[in-house]
2 protein chains.
Amino acid sequence: MTTLVFGHTSPDTDSTGSPLIWAWYLTQIKETPAEAVLLGTPNTEAAFVLRHWGLEQPRIIDNVDADQPVVIVDTNNPAELPTQINDADIRAIIDHHKLVGGLETKGPIDIRIEPLACTATIMYKMIGKHMAQAPKSIKGAMLSCILSDTLEFRSPTTTQEDRAIAEALAQDLGIDIPSYAADMFAAKSDVSSFSDAELLRMDSKTYEVGGKTFRVSVLETTSPDTVLLRKASLVETMPKVAEEDGADQVLLFVIDILNEEATLLVPNDLTKSVAEKSFSTAVGDADAVVLPGVVSRKKQIIPNLAL
Amino acid sequence: MTTLVFGHTSPDTDSTGSPLIWAWYLTQIKETPAEAVLLGTPNTEAAFVLRHWGLEQPRIIDNVDADQPVVIVDTNNPAELPTQINDADIRAIIDHHKLVGGLETKGPIDIRIEPLACTATIMYKMIGKHMAQAPKSIKGAMLSCILSDTLEFRSPTTTQEDRAIAEALAQDLGIDIPSYAADMFAAKSDVSSFSDAELLRMDSKTYEVGGKTFRVSVLETTSPDTVLLRKASLVETMPKVAEEDGADQVLLFVIDILNEEATLLVPNDLTKSVAEKSFSTAVGDADAVVLPGVVSRKKQIIPNLAL
């Protein structure tokens with residue numbers, strides 16, 4: 001049976017590119033037929049990457065059959081995976097997030113989690129000398145995943161390994177990183193076609209803090225004004241999204257990639273309290289607060305969240 | 001702060017040797033001060049291995065402080081770890097068991113789980129070229145872990161990698177595998193000093209099957225008669241151990257390493273039903289049943305358990 005390779009729901013570039021990379025490796029090098037699939041529509045940056053490298057968009061699935069062989073990449077969180085995931089035949093997990101708990105496997109399998117910025121970086125290391133056989137599109141996907149997850153090396157999640165591997169890939173491909181990254185980020189910043197609810201859910205993870213459930217949403221953009229001009233209607237949509245998704249509050253961080261700062265919308269006292277306690281800042285009567293230097297949900301937002 | 005490295009409770013050779021191997025690697029090669037510790041008294045085989053290679057027995061701990069840096073080896077099961085484990089600062093997990101779920105980490109960490117017979121085999125691969133700097137005692141511990149977990153390559157968990165690495169280590173150390181393994185297994189088989197309750201708990205894991213909780217205990221021995229002569233008092237002790245440990249029944253499999261078979265004690269109808277449904281055998285009125293070829297709890301007992 002063909003092995004399905006997928007990342008998390010609401011696929012970004014890493015969760016779109018890494019399944020393609022690993023499905024190539026399994027099929028072509030390990031002689032194990034595999035297919036990359038997606039758990040949702042790729043975001044605009046991921047769609048740009050697919051077009052740029054001539055990669056066909058993987059088909060979208062919403063569940064997996066029992067005993068279906070699968071490889072999970074870029075997450076180990078059951079909440080970001082099909083509800084039946086523990087009934088599937090999980091063959092491997094490759095990830096760079098903290099261990100959440102909840103996934104179970106029927107037998108011992110290959111699990112590789114490393115504290116790097118990007119799943120594709122781990123894959124590059126695992127594929128090793130076989131990288132020489134990778135087509136340009138696969139190398140391009142790898143480079144794109146690393147530039148995306150590191151925000152072109154600006155994110156504090158960036159390690160020397162991520163950077164060195166991205167630079168080696170760019171040289172090999174003849175890609176100028178600053179100009180290619182600018183194209184990627186411009187694609188990510190084009191959010192005109194999305195509704196407010198879609199924007200709030202596009203890159204969102206759920207966390208519990210002080211007994212409350214928060215949807216912590218980030219929007220990485222080179223054009224924060226485009227988003228902030230929609231502040232009023234975004235704020236109006238937050239209670240609806242929170243209620244539908246079983247959360248108490250949506251926290252929206254608009255990440256300005258180029259200026260390396262986040263703007264957190266502050267629609268109510270609950271959010272004001274979170275903002276002030278988490279980031280040692282004074283909000284006053286403002287309906288938004290700028291957090292200088294904050295670009296990483298994983299390293300700078302989640303570890304500090306307090307209520 | 002010194003990093004503590006430990007395996008599971010009721011430490012066998014792999015859970016005694018692997019912490020010593022990894023603490024050596026962290027301290028000497030990675031310049032990260034680390035100490036191997038144990039979550040209980042090592043079994044008689046592990047104690048023999050320590051003596052044979054001149055390794056000091058690590059100190060035994062029964063809990064870890066909050067934020068204590070730790071590396072967990074040879075398990076990912078919270079039930080086999082200190083109760084406060086999720087409050088510790090888990091830095092890495094190296095294991096060869098199925099993912100159980102329940103461990104959580106505060107941030108992304110190094111996790112390496114591979115479907116090999118032995119944790120030490122994975123460590124040998126991770127240490128790579130630095131193995132050249134390992135003292136004889138560390139190489140000896142590695143060889144011992146592999147011979148123990150593979151029952152000298154008899155267990156179906158054995159992979160080509162486990163075997164090749166053990167053989168390379170033995171050649172390097174000038175060790176004759178059959179005679180050294182015989183000494184190890186003789187040490188493991190000397191259970192005269194243990195009470196019946198200690199024997200039932202020595203190498204025991206808890207599983208749920210059909211709504212019942214079983215303590216699945218194995219005793220690997222080259223001298224099964226030594227254990228089977230104690231059958232009456234072992235069976236008498238089972239209800240007490242089960243009750244104290246919150247299980248419905250203890251299943252004791254006496255594994256005959258040399259003849260590659262298991263004897264399951266059958267003290268009551270519940271166990272008889274498990275024996276017949278799990279291993280397609282007829283027990284009749286017997287108080288024990290021999291299961292030819294069965295030597296591995298992981299590969300041959302647990303996947304077949306039925307009620």
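Note on naming: letters A, B, ... go to the chains in the order of the sequence lines (proteins, then strands), and numbering restarts at 1 for each one.
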Q | Derivation of the side-chain contact (heavy atoms from CB on, under 4.5 Å) call for A:Leu116 and A:Lys125 | A | CA-CA 11 Å; A:Leu116 300 175; A:Lys125 293 167 62 182; 4.1 Å; yes
Shorter than 4.5 Å, heavy atoms on both sides: which option in [options] has the most such pairs with chain A?
options                               : value
B:Pro303, B:Gly107, B:Gly101          : B:Gly107
B:Arg112, B:Glu114, B:His96, B:Lys298 : B:Arg112
B:Asp110, B:Thr157, B:Ile90           : B:Asp110

Q | Which atom of B:Asp162 lies closest to which atom of B:Ala117, heavy atoms considered | A |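 It is OD2-N, 2.9 Å.
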Q) Which atom pair, heavy atoms only, marks the closest approach of A:Val37 to A:Phe6? A)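 Nearest pair, atom of A:Val37 first, then A:Phe6: O-CB, 3.4 Å.
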Q | Pairwise side-chain contact, B:Glu104 with A:Lys98, heavy-atom cut-off 4.5 Å (strictly under) | A |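 Contact flag for B:Glu104/A:Lys98 side chains = no.
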Q) So A:His97 and A:His8, would you call those rings parallel, tilted or perpendicular, with 30° and 60° as cut-offs? A)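 Rings of A:His97 and A:His8: perpendicular, over 60°.
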Q) Where on B:Ile109 is there a heavy atom nearer than 4.5 Å to chain A: the side chain, the backbone, both, or neither? A)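 Looking at B:Ile109, just its backbone touches chain A.
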Q: Check whether A:Ile93 gets within reach of chain B through its side chain, its backbone, both or neither, counting any heavy atom under 4.5 Å.
A: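 Just the side chain, heavy atoms under 4.5 Å.
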**Q.** Engaged part of A:Lys106 at the chain B interface, taking heavy atoms whose separation is under 4.5 Å
**A.**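 Looking at A:Lys106, just its backbone touches chain B.
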